[in-house]
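Here is the structure we will look at, set down as structure tokens.
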Amino acid sequence: MTKIQSQKKLKHEQVQYIEFLSADINRAKKFYSDSFGWKFTDYGPGYTAFEGDYVDDGFTSGEPINGSILIVLYSEDIETSKRKVIRAGGVLVKDIFNFPGGKRFHFRDPDGYELAVWSE
């Protein structure tokens, strides 16, 4: 990534990086690749990173701890995203429901983290 590209991504006081603990990094990579098409860059056996247009993320070796932060992804086709998550091994926690501004569903990834996907 060039310095100009990096500067566009870095916004004052915005979330810029999210790091997950994973008991099995290869399993996490396969799940998120199969579900959302994420691409990864490995930095040794205990760390992998991926980047998007608006946020960078990574997985490091460790025992997952399900916390109070809910990561929410956007989808242009929520039904297709749900099918991909389930096919990749995600567990549906809350099926698609309406909320002010759209609809979403919640799932647990193979490490037990709960995430959500929303759509307009």
Side-chain angles (χ1 to χ4, degrees):
M1 176 184 325
T2 68
K3 186 174 181 176
I4 292 173
Q5 288 171 318
S6 177
Q7 288 173 341
K8 289 180 184 177
K9 191 180 291 192
L10 300 176
K11 302 286 184 192
H12 181 61
E13 297 180 344
Q14 299 260 328
V15 173
Q16 193 273 323
Y17 201 89
I18 300 167
E19 187 173 278
F20 296 89
L21 290 170
S22 179
D24 184 336
I25 290 176
N26 287 327
R27 179 185 66 195
K29 286 168 48 178
K30 180 167 177 19
F31 175 78
Y32 285 100
S33 292
D34 290 352
S35 293
F36 304 112
W38 294 357
K39 307 288 184 221
F40 292 86
T41 302
D42 293 333
Y43 294 94
Y47 199 88
T48 188
F50 60 100
E51 67 178 63
D53 291 339
Y54 303 103
V55 67
D56 293 327
D57 308 275
F59 287 88
T60 189
S61 293
E63 200 56 40
I65 302 166
N66 198 10
S68 60
I69 296 173
L70 179 66
I71 305 298
V72 182
L73 308 167
Y74 174 75
S75 173
E76 293 177 352
D77 182 349
I78 197 166
E79 292 286 346
T80 298
S81 294
K82 177 182 146 185
R83 284 191 297 275
K84 287 171 33 180
V85 164
I86 292 169
R87 190 173 354 162
V91 176
L92 199 61
V93 173
K94 292 182 186 175
D95 206 347
I96 296 172
F97 64 94
N98 292 319
F99 70 96
K103 53 189 173 181
R104 73 184 199 198
F105 70 90
H106 292 212
F107 67 94
R108 288 200 193 283
D109 75 2
D111 280 309
Y113 288 110
E114 184 172 334
L115 290 87
V117 176
W118 84 279
S119 186
E120 297 174 288

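Between the Thr48 side chain and the Phe59 main chain, no donor and acceptor come within less than 3.5 Å of each other. Listed for the Asp109 side chain is a donor-acceptor partner under 3.5 Å among the backbone atoms of Asp111.
Of the inter-residue distances, the one linking Phe50 atom CZ with Asp56 atom CG reads 9.0 Å to the nearest 0.5 angstrom. To the nearest 0.5 angstrom, Phe20 atom CZ is 13.5 Å from Ile65 atom CD1. How far OH of Tyr47 is from OG of Ser61: 10.5 Å, rounded to the nearest 0.5 Å. Rounding to the nearest 0.5 angstrom, the gap separating the NZ atom in Lys103 from the CG atom in Asp95 is 11.0 Å. Here the straight-line distance linking atom OG of Ser35 with atom NZ of Lys82 works out to 13.5 Å at 0.5 Å rounding. Atom-to-atom distance recorded for Arg104:CZ and Ser81:OG is 14.5 Å, nearest 0.5 angstrom.
When the side chains of ILVMFWY residues are joined at heavy-atom separations under 4.5 Å, either directly or via intervening members, Val93 and Val72 end up in two distinct hydrophobic clusters. When hydrophobic clusters are built by joining Ile, Leu, Val, Met, Phe, Trp and Tyr residues whose side-chain heavy atoms come closer than 4.5 Å, directly or via intermediates, Leu21 is grouped together with Phe40. At a threshold of 4.5 Å between side-chain heavy atoms, the hydrophobic network of Ile, Leu, Val, Met, Phe, Trp and Tyr places Leu73 and Val85 in one connected group. Tracing side-chain contacts under 4.5 Å through hydrophobic residues (I, L, V, M, F, W, Y), one never reaches Ile96 starting from Val91; they form parts of separate clusters. Side-chain heavy atoms closer than 4.5 Å link hydrophobic residues (I, L, V, M, F, W, Y) into clusters, and following such links, even through other members, never connects Tyr17 to Ile25.
Aromatic ring pairs are classed by plane angle as parallel below 30°, tilted from 30° to 60° and perpendicular above 60°; the pair Trp118 and Phe99 is perpendicular. By the 30° and 60° cut-offs, the orientation of the rings of Tyr32 relative to Trp38 is parallel.
Around atom OH of Tyr43, no more than 12 heavy atoms belonging to other residues, nucleotides or ligands sit under 6.0 Å away. Around the NZ atom of Lys30, the shell of radius 6.0 Å holds no more than 12 heavy atoms that belong to other residues, nucleotides or ligands.
Residues Ser22 and Ala28 come closest through the heavy atom pair OG-CB, 3.7 Å. Closest of all the heavy-atom pairs between Leu70 and Glu114 is CD1-O, 3.5 Å.
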